[in-house]
Every structure is written in structure tokens, then in C-alpha cells.
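Each remark here refers to the structure printed beneath this line.
Here is the naming used below: chain letters follow the sequence lines, and residue numbers restart at 1 for every chain.
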Protein chains: 2
Amino acid sequence: MKNLLSSIKISVPEKIFLKDPESSDLGKRIIGNGISLIAEIGFDSFTFKKLGTKIGSNESSIYRYFENKHKFLLYLTSWYWAWIEYQLVFSTSNVSDKTERLLKAIEVVTRTIKEDNNFTHVNEVTLNQIIINENSKSFLTKEVDSENKEGYFVVYKRLVSRIKEMILDINPDYKYASSISSTIIEGALHQHFLKDHFSSITDCDTVTPTKFFQELTINAIKPN
Amino acid sequence: MKNLLSSIKISVPEKIFLKDPESSDLGKRIIGNGISLIAEIGFDSFTFKKLGTKIGSNESSIYRYFENKHKFLLYLTSWYWAWIEYQLVFSTSNVSDKTERLLKAIEVVTRTIKEDNNFTHVNEVTLNQIIINENSKSFLTKEVDSENKEGYFVVYKRLVSRIKEMILDINPDYKYASSISSTIIEGALHQHFLKDHFSSITDCDTVTPTKFFQELTINAIKPN
DNA sequence: TAGAATTAATAGTAATACTATCATATTTGC
DNA sequence: GCAAATATGATAGTATTACTATTAATTCTA
């Protein structure tokens, strides 16, 4: 995985940025340090001014890469979901058993990220923390419909569709394939959050979100 | 329901407000118009200054009721969940069949709110829209742990626990009672959001979130 | 090595998220 | 019915945010 990822470029919808941060050293420092700053102080307190100070660069330079901090968050979420999608496709591609394939896919989208591939400027463990805490804020806005039209959420939607297809592949008659797929992906983030902050209303302090969602899904899609 | 609700006061953790908005006319106008303003412009653009203008009152007067707009959101979410909890308790209290009771409870937390009881200053239909769009923002903050200690989320957690207990009542061996309960409540909001903005990744444009979560839960907790 | 492109520095604006103070109503307790 | 307490309104002020604009300094490239 390490070697493969270092040669593959995660692709993010182009309209999200003004200038591709992957294309320069400054851009990469914006991403790398942006991730650690958001993880540290939270997205709500995050500003380009603070990030500029952190990387010893100017606020106005960051504005040349991203219109505003919301676009920056969209960049990070798209990057993250594209990275997850890549893992999902890769780790299910040679699995012939349909159920095994689905279980593997659920694992990929629900597991705890523990290892940073330590190669790119992106620390995936930290980014995963950000996704758990901030992902919803990327679409819970008044601009969601126009941003959706611009294609800012294609990666996320494609990921939901992939798992939906795997479910329909097992049981074409299951009526809620899209809903359960979107529930797994968003629900897993929520369970990880609860584990960290509201442990009394989750079981995922002792059992993994992966196990929970795997069993839930298998029981749900079983024909009866 | 109408008559009952008009005589019962929904109770919100006291530390959330500086002065109980139910205790004065101005307070009630703050809540009532606050709800419609947030629904209109979104929580991110909402300010006390704008609300002051809307109700023909002064910004500083609103600050005497709520420390800041985040506390205001906590007030609205607590009120909403307390209102839902009341309906849940009321509509399950005389149901002797355990499964029927659980299905009723799931209905209460997942259904579309269509009717405003039109009696209090709170429009529940509009408030429900706010909850769908803004609920996550009440806890996805850096202050979540200290605010949790202050008891700001008790109502929400108690609601999750009530459904968890109903599940364990049916199958005491089910290992994920808390997780599925929290998934139903949060997941239902998410499905309602998807229905409105990302209809391609939900089935809830044709089938209801209620049906989806009822079937999901019944299949999940079945002993095997 | 000139010209283009990138980044840095500085300044400025309107809005936000408050706090503080003082004035004016309104309520209530005696 | 009046004084005291309480609630609300009006005004002003501050630090920060979220930018935009302009100009200067670097660096990269043909």
C-alpha cells in the first residue's frame, strides 16, 4: 500500500481549489500544516491567518490556493474519501465471493485509521480525526445545493454508490441499498465520535464499528 | 397531544441559558423568531444582531438570555429532543407488546414532523428542519467534553438510552443496543437531509426513513 | 539575463462577537 | 402610590475574522 500510494495521485474535483496545492512546495505545506492545525484547534477556530503564521508564510498566499476555509475543508474531505475509495477498490478487486467483498468494503470505510503512510505531506491518521469531527460541516450549509451542482461531493457520493452496488449484487431485491450504504459511512464516523466523547451511548468502546456495521448489514440484506 | 403539550413545560438543562426565555415575552420572541431566522439564513450566518433587528429589540438584550449563539443552538436542540422524548414516552406507555413498542418508538424519532401544534411560540416543523441541518454542530466542537460534563447533552443521551432499553427488553443478548439506537436517531436526521439534498444516495425519497430503520432494527436484533 | 510567475508585505474594509456603561421603562413589594 | 428592584434599550468600544487590493521582493524559466 505504501509504495502504491506514493505513486498514485489522489484526485480531487478541480473547482474546489484555485491553484492545485499538490503543484508546489507551499501548497503541500498548506495541506500538511492545515491538517495538523485543524486537528489541534478545530475547524471553527481555524483561520488562514493562523495557518500562515504556522507555516511562516503570508495569509494572502494561502488565498491564492483556496477561496476560503470552507473550500479548504471540501478539499480535505474529498481527498480523504478519494483515498478511502482507492483502498476500497484495491482491497475488493480480487475477491470473488460477493459477501466477503461487501464485508471487506465495510471494513475499509469503518475501521480506525492507525497508520500514516508517512510518505506524502498528508498524515492520514490526523486527517481521519478531522473527518470524524468536521465532515458533516462540509455539507450542512445553506450552499449545499449549488456546491453539489458544482460537483464538490462526487467522490463521497461515488463511494456510497459503490457499496450500494455490492449490496444489490448480493440481493437485488433489497429496497434500501442506498440508505444503508450512506448510513454505514456516516454512521461509522458518528460511532467513532461517540466512542471518544459520549461512550455511554455507543457499544463501540468494546466492539468495533466495523463488527457492528458488518453484522447490521448482513442481517438487513438477507432475503426472507 | 395539542392540549397536553400546552400545559406541559418542556424542560431544558438550566445551565444552557442565563435567563429562562420561557419566563418573559421577550424571551419567547427570541426563541420563536430565532427559530425562523436560523431556518431562513442558516446557523452559520445567524447573529444576535440580526435577530435583534428582526424582533425590534436590542442585541444586548438577547445576550442577557444566552451567552452566545452556540448556547442558543444547545437550547433549541435540547428543547427539540425533550419534546421528542415526551412524545416517545407518551406514545409507548400503554403498549404491552415489546416489538410494537419499539416500532412505535422508532417511528417517533424518525418521522417527518408535519404539524405545528400552533400553541406555543415554538414552531416544531421549522425546528425539525433546523435539527436536520444543524444538530451535529451542537456537539462537533472542541468544547464537547466540558459541555458534556455540564450536562448539556443529557436529554439527547437519555433518548438514546430509552430506545436501547426497549431493544434489550426484546433481546437482552443483542450486543449493539446502544450503537444501533444512536445510529437510528442520528441516521434518521441524515436520511432526511439526503432526501432534500443528495437524493441519489438515499432510498428515502420513495420509502420513509421510518420504514427503513424499523426493518433494519428488527432484522438486527432478531436472535439467531 | 529579461520577463514571467510566485510569494511576501502591508494596508484597508465591513462584519462578527462580544463587553461595558448608562438611560429608561416596567414591575413589585410595602 | 411610591421607592426599589428588575428588565430592556441605546450607544459606544474592542479584538478578531474574512476577506480584497496593491506593491514589492524572490525565484523560476525561456
Side-chain angles (χ1 to χ4, degrees), chain A residues 14-34 37-38 40-76 121 134 137-138 140-143 146-147, chain B residues 14-34 37-38 40-76 121 134 137-138 140-143 146-147:
Chain A
E14 295 216 347
K15 282 194 170 178
I16 289 178
F17 48 78
L18 298 170
K19 179 180 170 172
D20 187 355
E22 300 272 356
S23 72
S24 72
D25 180 67
L26 179 62
K28 287 173 192 159
R29 280 191 297 134
I30 289 171
I31 301 302
N33 289 275
L37 186 56
I38 291 174
E40 200 183 308
I41 65 175
F43 184 68
D44 299 339
S45 302
F46 171 81
T47 69
F48 283 173
K49 181 137 205 206
K50 289 175 186 167
L51 178 55
T53 305
K54 180 168 177 139
I55 62 179
S57 184
N58 203 277
E59 193 189 4
S60 59
S61 303
I62 302 170
Y63 275 104
R64 287 210 193 77
Y65 286 83
F66 297 99
E67 253 181 276
N68 51 50
K69 74 172 183 169
H70 181 245
K71 288 284 172 72
F72 188 66
L73 180 61
L74 286 173
Y75 182 90
L76 296 183
H121 47 292
E134 323 286 1
K137 297 173 191 167
S138 71
L140 294 178
T141 69
K142 277 282 160 184
E143 296 76 34
S146 61
E147 292 188 346
Chain B
E14 295 216 347
K15 282 193 168 177
I16 289 178
F17 48 76
L18 297 170
K19 178 180 172 172
D20 187 356
E22 300 273 356
S23 72
S24 73
D25 180 66
L26 178 62
K28 286 171 194 161
R29 281 192 296 135
I30 290 171
I31 301 302
N33 290 275
L37 186 55
I38 293 175
E40 198 183 309
I41 65 174
F43 185 69
D44 298 339
S45 302
F46 171 81
T47 69
F48 282 172
K49 181 139 206 203
K50 289 175 187 169
L51 178 54
T53 304
K54 181 167 176 138
I55 62 179
S57 182
N58 204 275
E59 192 189 5
S60 59
S61 304
I62 302 170
Y63 275 105
R64 289 205 191 83
Y65 286 83
F66 296 99
E67 254 180 274
N68 51 50
K69 73 172 185 169
H70 181 245
K71 289 283 172 72
F72 187 67
L73 180 60
L74 286 174
Y75 181 90
L76 296 183
H121 47 292
E134 324 287 1
K137 297 174 191 166
S138 71
L140 294 179
T141 68
K142 277 283 160 184
E143 296 76 34
S146 61
E147 292 188 345

Discussion item. With ring pair (Phe, Tyr, Trp, His ring centres under 6.0 Å) as the test, pick out the partner of F66(A) among F46(A), F48(A), F72(A), F17(A).
Written reply: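 Option passing the ring pair (Phe, Tyr, Trp, His ring centres under 6.0 Å) with F66(A): F72(A).
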d([atom1], [X]; [atom2], [N]) in whole Å:
X      : N       : atom1 : atom2 : value
N58(A) : dA9(C)  : CG    : P     : 6 Å
I62(B) : dT16(C) : CD1   : C1'   : 14 Å
K49(A) : dA15(C) : NZ    : P     : 19 Å
D44(A) : dT16(C) : CG    : C1'   : 14 Å
D25(B) : dT26(C) : CG    : C1'   : 13 Å
H70(B) : dC18(C) : NE2   : P     : 11 Å
I30(B) : dT8(D)  : CD1   : C1'   : 10 Å
L37(B) : dT16(C) : CG    : P     : 11 Å

Worksheet entry | Earlier contact from the 5' end, DNA chain C, for K69(B) and R64(B) |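 Closest to the 5' end, via its nearest nucleotide, is K69(B).
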Identify whether any heavy atom of [X] sits under 4.0 Å from a base atom; if not, whether one sits that close to sugar-phosphate; answer base, sugar-phosphate or nothing.
X      : value
T47(B) : sugar-phosphate
Y65(B) : sugar-phosphate
Y63(A) : base
K19(B) : sugar-phosphate
S60(B) : base

Worksheet item: Salt-bridged, D44(A) to K137(B), with N to O below 4.0 Å?
Response: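 Here D44(A) does not pair with K137(B) in a salt bridge, since their nearest N and O are not under 4.0 Å apart.
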Worksheet entry | Minimum heavy-atom distance N33(B)-K54(B), with the two atoms named |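 Nearest pair, atom of N33(B) first, then K54(B): OD1-CE, 3.6 Å.
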Discussion item. Pick the closest DNA chain D nucleotide for S24(B) and for E59(B) by heavy atoms, then say which residue is nearer the 5' end.
Written reply: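 By nearest-heavy-atom nucleotide position, the 5'-most residue is S24(B).
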Item to complete: Under the ring pair (Phe, Tyr, Trp, His ring centres under 6.0 Å) rule, what do Y65(A) and Y75(A) come out as? Steps first, then yes or no, please.
Response: CA-CA 11 Å; Y65(A) 286 83; Y75(A) 182 90; 10.0 Å; no
Worksheet item: How far does NZ of K15(B) sit from CD of E67(B), to the nearest 0.5 angstrom?
Response: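 Taking NZ in K15(B) and CD in E67(B), the distance rounds to 11.0 Å.
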Worksheet item: Side-chain N or O of K50(A) less than 4.0 angstrom from OP1 or OP2 on dT16(D)?
Response: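 No, K50(A) has no side-chain N/O under 4.0 Å of OP1/OP2 on dT16(D).
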